[in-house]
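Scroll down for the structure; my scribbles are underneath it.
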Amino acid sequence: MQKRFRLARSEDFKRVRRSGKSYAHPLVVLIALKSNQARIRVGVAAGRTVGTAVIRNRAKRLLREAMRILLSDIAPATDDASGWDLILIARPGLASASLQDTRLALTNLLRRAHILSPVHE
RNA sequence: CAGGUCGGUCGGGCGAUCGCGGUCCUGCGUUGUCGGGACCGAGGAAAGUCCGCACUCCACAGAGCACGGCGUCGGAUAGCACCCGGGGCGGGGAACCCUCCGUGAGGAGCUAACCUGCCGGAAGAGGGCCACAGAAACAAACAGCCAACCCCCCCGCCGCUCAAGCGGCACCUCCCCCACAUUGGGAGAGGCUGGGUGGGGUGGGUGAUGGUGAAAAGGUGGUGUAAAAGACCACCGGCAUCCGUAGUAAUACGGAUGGCCAGGUAACCCCCGCCGGGAGCAAGACCAAGCAGGGACGAAGCCAUCUGCGGAUGGCGGGAGGCGGCUCGUCUUCAUAUGCGCUCUCUCAUGCGAUGAGAGAGCCAGUCCCGGGUAGGUUGCAUCGAGCGGCGCGGCGACGCGCCGCCCAGAGAGAUGAUCGCACAGGCGAGGCAACUCGCCAGACAGAAUGCGGCUUAUAGACCGGCCUGAGGU
RNA sequence: GCCACCGUAGCACAGCUGGCAGUGCAGACGAUUCGUAAUCGUCAGGUCAUGGGUUCAAAUCCCAUCGGUGGCU
């Protein structure tokens, strides 16, 4: 996932976490907020309860890789002036899941947030 | 070969596709949150933060105190307490042999290499503590033992627990009998001085005898004494000093001399010696914008039109600043409020203040300059270093020296991942005498964040080597 | 990056100037009651986080490790 699709600034994180809408899954939590920019930006987080540094990094890599695959599906649909800012928070157990499980979890969450249309795929 | 033990190296490999971070180069009618290419891209512990430094800022005349750390000897190093090599004391340590226990299977001990803990001072000063038990925990007291003196009691010695009582045996004096040269034998009566294994007291001596305890203080045997004691002697043990030998030294061995006392605890205070200023890359430096704050300059009028008389619009003029061809022009911007506004002064209501009323004066907009801290960006910081690799030399080693070659991660919500294939090892199951074949499973611990050295902790496994013990062969 | 504190019975905590491991609640049994609660009595329950060391003796003192909590920048 390239840098331009990433949510990086600390204030952006605060804004999305405060006023965004959250969707939970046993493996991941999604927080979504409509932005005024054309592209979609994604931030990834893993707290201390997930595990040690190795486990946290693996969880974040899994989320980024799964999001990279899904990004090509939803990117052309949002070519108007309203994109999304998303935060993905890893939960304990994600590091032992496979990429397939992670992608299915993310697809579920994005459909519930109406970012990925149910007609797609 | 088997067992034990120690050290070192590696710690998943190759290939394909998709993807990520950095550096350099490069493309464009499209300069982009664009595309392309080359190269590089986690560890032995990157971890814990237990020590030591580099580096940066702050503080600082010098010395000392307080506080903290360290403390056998020598070495290594930029530096380091746990690095290297020695020394002393203690603990652990397989099989065989040996010893002990066991009918026996077996168990315990001894022990090599090796592992491991501790290390200034209690015979240099002082203080504290040592539960329970015990007379007493360090310095004497208490009980005990001992002779002397005083008072009371008793009376030969031996036995019956004892001095009284009983029995036996003996001494002295007197008397009787027998024998006789003399010594003597038998029976009976009495027993002073003094003595006592008795009781009490006084002032002394004595030291380890006192069931205890982790610890009472050199051990054994003897001499000695009123009783005793290293008081003295022999042997043994330990300590200190000196000398000799070995060693740089700690120390070891041997000899001589000394005095036998000095309980333990300094990971209790303490004393002696040495070391230490504080904070930490979120240190620190720089940059543009805005904010708090500080400073400088500083206008408030006139006219016209409309009017529902509250005002509105326009023009001239004015302020601050920028630019230019700088007595000027142009551009940007601001204000023009008789307002329940603010401040100050004076007068009245009362002596003052508050409050109220009245009168007067001043302020308000804006522009420019300086500008702390925070957030943001750049840097510190990513090739020049206590750097890495190879070879040689010196050293037992930690390590050092010389030559050659190399440049080797650098993010900032934080880059290494996913899928597949191939061999190589691992475990489980099935088949098979075995070699082997097939199927399934899982890839150890773990992720840089300024850098470096040491330590500690986690770690599936693979490979190599040293030492010791035992067995066999040559 | 730096620093401090804590770990003791099922739970919450004392004890940490070294010598007995304790308190409250919870648990079991008994008494009281027609029965329950309350109350009273008795009992059980401990690798003092782990491993070394100092000491005659360690929950306590020293060192290392593991886990947890909190703070500063």
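Model, not experiment: these values are computed from the prediction.
Taking atom CD1 on A:I55 and atom C1' on B:A458, their separation rounds to 14 Å, with Å as the unit. Going from atom CZ of A:R56 over to atom P of B:A46 covers 19 Å, rounded to whole Å. Put simply, CE on A:M67 is 17 Å from C1' on B:A418, counting in whole angstrom units. Between the CZ atom of A:R68 and the P atom of B:G417 there is a distance of 14 Å, given to the nearest Å. As rounded to whole Å, 14 Å separates atom P of B:A415 from atom CD of A:E65. Between the P atom of B:G414 and the CG atom of A:N57 lies a distance of 10 Å, rounded to the nearest Å.
A glycosidic torsion no more than 90° from 0 defines the syn conformation, and B:G310 adopts it.
With hydrogens and angles ignored, the 3.5 Å screen pairs no side-chain donor or acceptor of A:R58 with any backbone N or O of A:L94. At distances below 3.5 Å, not a single donor-acceptor pair connects side-chain atoms of A:R64 with backbone N or O atoms of A:V44.
To the nearest whole angstrom, the two P atoms, one in B:C138 and one in C:G46, are 40 Å apart.
Between A:L99 and A:K60, the residue whose closest nucleotide on RNA chain B is further toward the 5' end is A:K60. Nearest-nucleotide positions on RNA chain B for A:L62 and A:A53 put A:L62 closer to the 5' end.
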